[in-house]
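Only one structure is covered here, and it is reproduced in the block below.
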Amino acid sequence: MNNEEALKEIKKQIADAGYVYDDFLDACKEALEKQIPKTPIVIDKWHMCPTCYEKYGFSYGILVGIKGCKSGEVHCHNCGQLINMEVKE
């Protein structure tokens with residue numbers, strides 16, 4: 001099961017439970033949503049996280065305001081959203 005399928009199942013569980021559901025499902029949903037890459041909002045040379053709108057950009061050719069991990073993935077330093085860096089400027 002990939003992240004999108006898991007998220008779909010969690011949303012179904014929340015909908016089936018109505019408004020009476022465990023906060024655990026909500027936390028799982030939020031965590032999974034952040035693992036699905038989103039395209040940043042690009043304004044001039046600045047990029048913004050599509051989840052929390054935190055700005056980051058390039059300074060002397062180095063990407064600042066984000067954090068990477070060993071797999072080479074790029075996450076927002078503020079909220080942890082996985083960022084799809086394959087954007088065309």
Side-chain angles (χ1 to χ4, degrees):
M1 177 179 288
N2 64 30
N3 288 344
E4 286 88 0
E5 292 168 340
L7 182 59
K8 189 177 188 180
E9 181 60 30
I10 287 173
K11 286 181 177 179
K12 181 182 177 298
Q13 293 290 328
I14 290 172
D16 290 347
Y19 61 89
V20 182
Y21 66 91
D22 195 338
D23 288 339
F24 173 75
L25 285 176
D26 197 36
C28 290
K29 179 175 103 30
E30 288 178 18
L32 272 173
E33 285 174 340
K34 288 186 179 180
Q35 293 308 308
I36 298 171
K38 290 186 180 177
T39 303
I41 300 164
V42 180
I43 300 172
D44 295 324
K45 292 188 179 201
W46 287 97
H47 293 63
M48 287 179 13
C49 173
T51 301
C52 72
Y53 305 108
E54 182 72 17
K55 278 187 182 179
Y56 54 95
F58 292 90
S59 177
Y60 301 106
I62 300 169
L63 189 59
V64 295
I66 53 114
K67 60 183 177 182
C69 62
K70 292 180 183 175
S71 68
E73 295 175 339
V74 176
H75 296 264
C76 173
H77 73 96
N78 189 49
C79 73
Q81 174 65 53
L82 182 60
I83 303 292
N84 177 3
M85 289 306 295
E86 297 176 8
V87 294
K88 299 192 183 217
E89 300 194 38

Between NZ of K55 and NE2 of H47, what distance do you get to the nearest 0.5 Å?
13.0 Å
Minimum heavy-atom distance V74-L82, with the two atoms named
O-CD1, 3.4 Å
Tell me every residue that passes side chain to side chain contact (heavy atoms under 4.5 Å, CB included) with A31, counting only those two or more places apart in sequence or in another chain.
none
Residues which pass side chain to side chain contact (heavy atoms under 4.5 Å, CB included) with K38, listed by chain and number, not counting sequence neighbours:
P50, T51, Q81
With side chains defined as the heavy atoms from C-beta onward, is the minimum distance between H75 and Q35 less than 4.5 Å?
yes
Once side chain to side chain donor-acceptor pair (under 3.5 Å) is applied, do any residues pair with E30, and if so which ones, sequence neighbours excluded?
none
If I take atom SG from residue C76 and atom OH from residue Y53, how far apart are they, to the nearest 0.5 angstrom?
12.0 Å
Who passes salt bridge (Lys or Arg N to Asp or Glu O under 4.0 Å) against K34, sequence neighbours left out?
none
Taken in chain and number order and not counting sequence neighbours, the residues that satisfy side chain to side chain contact (heavy atoms under 4.5 Å, CB included) with L32 are N3, A6, L7, I10
